[in-house]
2 protein chains.
Amino acid sequence: METIRSRGRKIVVGVDESEESMYALSWCLNNIIIANSHQTNYHDDYSNTTTTLVILYVKPPPPVYSAIDVAEYLFGKNDVVASMEEYSRKLVERVMSRAEAICINYTTNFNIKVEKKVGSGDARQVICGAVEKLGADMLVMGSHDYGFFKRALLGSVSYDCAKQVKCPVVVVKHPKNS
Amino acid sequence: METIRSRGRKIVVGVDESEESMYALSWCLNNIIIANSHQTNYHDDYSNTTTTLVILYVKPPPPVYSAIDVAEYLFGKNDVVASMEEYSRKLVERVMSRAEAICINYTTNFNIKVEKKVGSGDARQVICGAVEKLGADMLVMGSHDYGFFKRALLGSVSYDCAKQVKCPVVVVKHPKNS
């Protein structure tokens, strides 16, 4: 069995605007990544062990066209598009800044390489596609505590991804949802 | 955040007769447990880090009564009950022996405490109950590659458990199913 110790490893953490995903990132850093990173200095066998942490954010799909049409009628097409793009850009910045703030304490002290990736479209498809394309060893995701109706409507991205991707998947729940 | 590094940790691995669950056990030992166990000698902060690996096997529920009734009619009640008990005992022995054989290389060289537990009844309920009762930090399970009809009929124990338990869950797929 080829192990992630024997050739370094690539861990993808799916993040979004939620507390749950930020908690999953922290949990992963504290309980999975740090441990292995220490090994780089401890034992010759592990001298090549590095962890590449890929923080993956998938931008929400654009709103339905009817809503855009109404907004365009009221405010003008260019304003609406620019406003939406600005909102989307700020959302990406905010999520990635939070994720970076969580990682910074670890990257300065441990042998971890952080990569940020932003996708767009259906979260399930983008995450599963990225995991496969990157050849990830592990996918880590937070678990939302949606109620029955929201879950029935939206489904669960983390569980759907867990079913689809080929690599091991860690689903992390926020303690407040436990 | 309390981490599993700071106070040792307890990892429950659900096993059954399948290759998938044995692969999940191997994967967990190679890629999650060994790494942390090394730390016991590397850094003072980790001197108290131990891993308790709980191997949990849930015996299949007894066959439906109509089948037992027919067998009892043909072979006598005592013979049938004794035969079923013997089969169940051997199944437990076989699964646990395989799991032990996988663990033995690691327990002799690393600071891992292995506990074996056997439950009986509905696998989902027993596994989720055990994880909660034991205060596990992580649940690791293999993922079966059931076809559509079997999956629709049986559901997926690993994904159902992932939804129910409070701790992080790792779902490991066998490469042959990937």
Side-chain angles (χ1 to χ4, degrees), chain A residues 1-6 9 11 22-43 45-46 49 51 102 131-132 137-146 151 156 158-178, chain B residues 1-6 9 11 22-43 45-46 49 51 102 131-132 137-146 151 156 158-178:
Chain A
M1 181 189 291
E2 187 185 38
T3 70
I4 52 183
R5 288 186 306 116
S6 60
R9 58 179 177 169
I11 298 178
M22 292 300 154
Y23 179 82
L25 176 61
S26 297
W27 188 91
C28 174
L29 280 157
N30 276 312
N31 296 303
I32 294 187
I33 294 181
I34 281 184
N36 290 347
S37 298
H38 266 301
Q39 296 172 351
T40 51
N41 298 322
Y42 172 65
H43 202 284
D45 292 349
Y46 304 132
T49 304
T51 298
I102 291 169
V131 164
E132 191 169 355
D137 299 291
M138 203 185 294
L139 169 64
V140 180
M141 299 188 78
S143 169
H144 288 274
D145 185 35
Y146 292 148
R151 205 166 52 235
S156 165
S158 51
Y159 298 117
D160 286 351
C161 288
K163 286 178 186 173
Q164 282 179 45
V165 301
K166 295 171 182 175
C167 69
V169 177
V170 187
V171 179
V172 183
K173 288 182 184 170
H174 196 291
K176 76 173 173 142
N177 298 337
S178 297
Chain B
M1 181 190 290
E2 186 186 42
T3 70
I4 53 183
R5 290 185 306 114
S6 60
R9 57 179 178 170
I11 298 177
M22 293 300 153
Y23 179 81
L25 176 61
S26 297
W27 187 91
C28 174
L29 281 157
N30 276 312
N31 297 304
I32 293 187
I33 294 182
I34 281 185
N36 291 346
S37 298
H38 266 300
Q39 295 172 350
T40 51
N41 298 322
Y42 173 64
H43 202 285
D45 291 349
Y46 304 133
T49 304
T51 299
I102 291 169
V131 164
E132 191 169 355
D137 299 289
M138 203 185 293
L139 168 65
V140 180
M141 299 188 77
S143 169
H144 288 273
D145 185 35
Y146 292 146
R151 202 165 54 237
S156 164
S158 50
Y159 299 116
D160 287 350
C161 288
K163 286 179 185 172
Q164 282 180 44
V165 301
K166 295 171 183 176
C167 69
V169 176
V170 188
V171 179
V172 183
K173 289 183 183 168
H174 196 291
K176 77 173 173 146
N177 298 336
S178 298

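Lettering follows sequence order; numbering is per chain, from 1.
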**Q** How far apart are the closest heavy atoms of A/Y159 and B/A162, and which atoms are they?
**A**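 Where A/Y159 meets B/A162 most closely, the heavy atoms are OH-O, 3.2 Å.
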**Q** Mind listing the closest non-hydrogen atom pair of B/K173 and A/K166 along with its distance?
**A**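 Heavy atoms of B/K173 and A/K166 come nearest at CB-O, 3.7 Å.
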**Q** Quick one: CE on A/M138 to CG on B/N31, what's the gap to the nearest 0.5 Å?
**A**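 Rounded to the nearest 0.5 Å, the CE-CG separation comes to 6.5 Å.
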**Q** With only heavy atoms counted, which part of B/Q164 is less than 4.5 Å from chain A, the side chain, the backbone, both or neither?
**A**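 Answer is backbone: N, CA, C or O of B/Q164 sit under 4.5 Å from chain A.
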**Q** Check whether B/V165 gets within reach of chain A through its side chain, its backbone, both or neither, counting any heavy atom under 4.5 Å.
**A**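 The backbone, not the side chain.
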